[in-house]
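All chains are named by letter (A, B, ...) in the order of the sequence lines, taking the proteins before the strands, and each is independently numbered beginning at 1.
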There are 2 protein chains.
Amino acid sequence: MRVKDERKIEVIYEATLHLIQEVGIAGITVAKIAKEAKLATGTVYIYFKNKEELINQLYLHLKKQTTENLFVGFDPAEPIKVCMKKLFVNALKNKMASFKEGVFMEQYYHSPYISQEAKQIGQTKMLPIIELMERGKQELLIKPIENEVLLGLMAGFVRQLAQAHIVQKFEMTSERIEHSFQVIWDAMKA
Amino acid sequence: MRVKDERKIEVIYEATLHLIQEVGIAGITVAKIAKEAKLATGTVYIYFKNKEELINQLYLHLKKQTTENLFVGFDPAEPIKVCMKKLFVNALKNKMASFKEGVFMEQYYHSPYISQEAKQIGQTKMLPIIELMERGKQELLIKPIENEVLLGLMAGFVRQLAQAHIVQKFEMTSERIEHSFQVIWDAMKA
DNA sequence: AAGTAAAATGAATATTTATTCACAAATAGA
DNA sequence: TCTATTTGTGAATAAATATTCATTTTACTT
């Protein structure tokens, strides 16, 4: 008997993400995905029950991946500033490398596909960051302001820098990353 | 004869935005829009040639509106810090008050509806801000870093704060706005 | 108050898109 | 090499959605 080629799942994911970056969740059709993946329409249905499941599986797959990546090399025992820098640089690099994924995840959040559970998953991954910020405030190294504000500062900055990098081809040299961290650190330091 | 009720256009826009916040551009149908607006499906076609035109008109309408709002009370003759604060507070208040609109505009950018022209419009409205930042750097009040970085800092922060406000019900008191500006000013000041 | 022209309606139709399915191609094991 | 079994194909069908249109309602004009 013939064996299922599991790499096709990756190919389908990649095709879907590529299309979504261009035309959004609103613009994709199963036929387009299949064409982009160089498969017949029907083949997609061998790997996924239907389009809805494909979208949901893709979301869960990415969520897992991106959360792991954020904390690569992160060691909460190190000084606050070092920890923050690690997180900032990781987040920025990941966001640039996975811009398509980000576009999809944002659109998914306001789409007919999202489930109530998926809406809640997002919060938990932030816990280690929250702890870090609390510690920073305790040590009087970080301004005594709400975590929402600090988190918004970081996340928003990273998002916009990645967007400038992708959309306006703003090259992100290591010097610029360095300067950007200096900026964000000045913002949060006490 | 009966006269066209131009306010219906507003009603249709509002219904569309409301739906998009929930289910995204991908989730809207003309039937749903009509129902939300308490109109018959066919009525939508009296005001708009088709769904595509409705979406595009809505985008242009919002683009015009939000650009105007950003500069309300803005006077480039005032000191840098005052100018920046004005822009920050305007941007934040607008983004909170028009969150639905923001969701739509972001999705529109990655959707099958966007035209090439619409992609470019976005840049021009930023000109007065760019000028302000250049002046700040000249006067040595603002860090000598790229405008993309400074702009990303502001825009990203505003976006995330507005998101926290809407999604997590983070109340945005005038004290918090004050603190938030202090944070962002510390980030950009030389 | 009657006439009329345009707006409003929503069921009917056209179009697009998702999903199925009969058949063809591939491959693991005998 | 042959066979059995599952994958892969893409045209056919089903389902969802956009759009039209015959009919009704409204409100302006005379």
Side-chain angles (χ1 to χ4, degrees), chain A residues 1-61 104 107-108 110-115, chain B residues 1-61 104 107-108 110-115:
Chain A
M1 67 149 200
R2 190 169 174 183
V3 80
K4 218 179 196 170
D5 177 5
E6 291 296 332
R7 277 169 310 172
K8 285 218 171 66
I9 290 184
E10 270 303 323
V11 172
I12 293 170
Y13 282 165
E14 196 49 47
T16 307
L17 287 171
H18 180 79
L19 282 171
I20 285 176
Q21 184 181 17
E22 287 177 7
V23 296
I25 294 189
I28 52 168
T29 66
V30 176
K32 280 190 207 161
I33 291 171
K35 193 177 175 191
E36 177 82 26
K38 297 195 204 305
L39 297 171
T41 335
T43 308
V44 173
Y45 287 86
I46 293 170
Y47 294 90
F48 300 95
K49 200 169 92 237
N50 52 38
K51 183 175 150 185
E52 183 174 347
E53 193 180 273
L54 160 54
I55 300 285
N56 280 304
Q57 290 294 110
L58 176 54
Y59 179 78
L60 291 171
H61 172 74
F104 166 66
Q107 291 213 359
Y108 179 83
H110 298 275
S111 83
Y113 301 102
I114 192 168
S115 60
Chain B
M1 68 149 199
R2 190 167 177 186
V3 81
K4 217 180 199 171
D5 178 3
E6 290 295 330
R7 276 169 312 172
K8 283 218 172 66
I9 290 184
E10 270 303 324
V11 173
I12 293 170
Y13 281 165
E14 197 49 47
T16 307
L17 287 172
H18 179 78
L19 282 172
I20 284 176
Q21 185 182 15
E22 288 177 5
V23 296
I25 294 189
I28 54 170
T29 65
V30 176
K32 280 191 208 162
I33 292 171
K35 194 177 177 190
E36 176 81 27
K38 295 192 204 305
L39 297 172
T41 333
T43 309
V44 174
Y45 287 85
I46 292 169
Y47 294 89
F48 300 94
K49 199 169 94 243
N50 53 37
K51 184 174 149 186
E52 182 174 348
E53 192 179 274
L54 160 53
I55 300 284
N56 280 303
Q57 290 295 111
L58 176 53
Y59 179 79
L60 291 171
H61 172 73
F104 166 65
Q107 291 213 358
Y108 178 84
H110 296 276
S111 84
Y113 300 103
I114 192 168
S115 58

Check: A:Q107 side chain, A:G24 main-chain N or O, donor-acceptor pair, under 3.5 Å: no
Interatomic distance, A:I25 CD1 vs C:dT17 P [rounded to whole Å]: 16 Å
Integer-rounded Å distance: C:dA18 C1' and A:K32 NZ: 14 Å
Which nucleotide in C:dG10, D:dT7, C:dT20 has an atom nearest any side-chain atom of A:Y45: C:dT20
Between D:dT9 (P) and A:I12 (CD1): distance, integer Å: 10 Å
Below 4.0 Å: OP1/OP2 of D:dG8 and any side-chain N or O of A:Y47: yes
Sugar-phosphate only, base, or nothing, as touched by B:K35 at under 4.0 Å among non-hydrogen atoms: nothing
Given C:dA8, D:dT9, D:dT19, the nucleotide with the shortest approach to the side chain of B:V30: D:dT19
Short side-chain N/O contact to C:dG10 OP1/OP2 from B:T41, under 4.0 Å: no
Sugar-phosphate, base or nothing in reach of B:K8, heavy atoms under 4.0 Å: sugar-phosphate
Distance, rounded to the nearest Å, where B:I46 contributes CD1 and C:dA8 contributes P: 5 Å
Spacing between A:L39 atom CG and C:dA25 atom P, to the nearest angstrom: 17 Å
Out of C:dT19, D:dG8, C:dT9, whichever nucleotide has its closest atom nearest the side chain of A:N50: C:dT19
B:K32 side chain to B:A15 backbone, donor-acceptor under 3.5 Å: no
Whole-Å gap separating P (C:dT15) and NZ (B:K51): 17 Å
For atom CD1 of B:I28 and atom P of D:dT17, their distance in whole Å: 12 Å
Any donor-acceptor N/O pair, A:H110 side chain to B:V23 backbone, under 3.5 Å: no
Touch class at under 4.0 angstrom, heavy-atom based, for B:T29 against every strand present: sugar-phosphate
Distance in angstrom units between A:F48 CZ and C:dT20 P, rounded: 15 Å
Of all pairs that satisfy ring pair (Phe, Tyr, Trp, His ring centres under 6.0 Å), the ones with a partner from residues 28-58 of chain A, not counting sequence neighbours: A:Y13-A:F48
A:I28 backbone acceptor or donor facing A:K51 side chain under 3.5 Å: yes
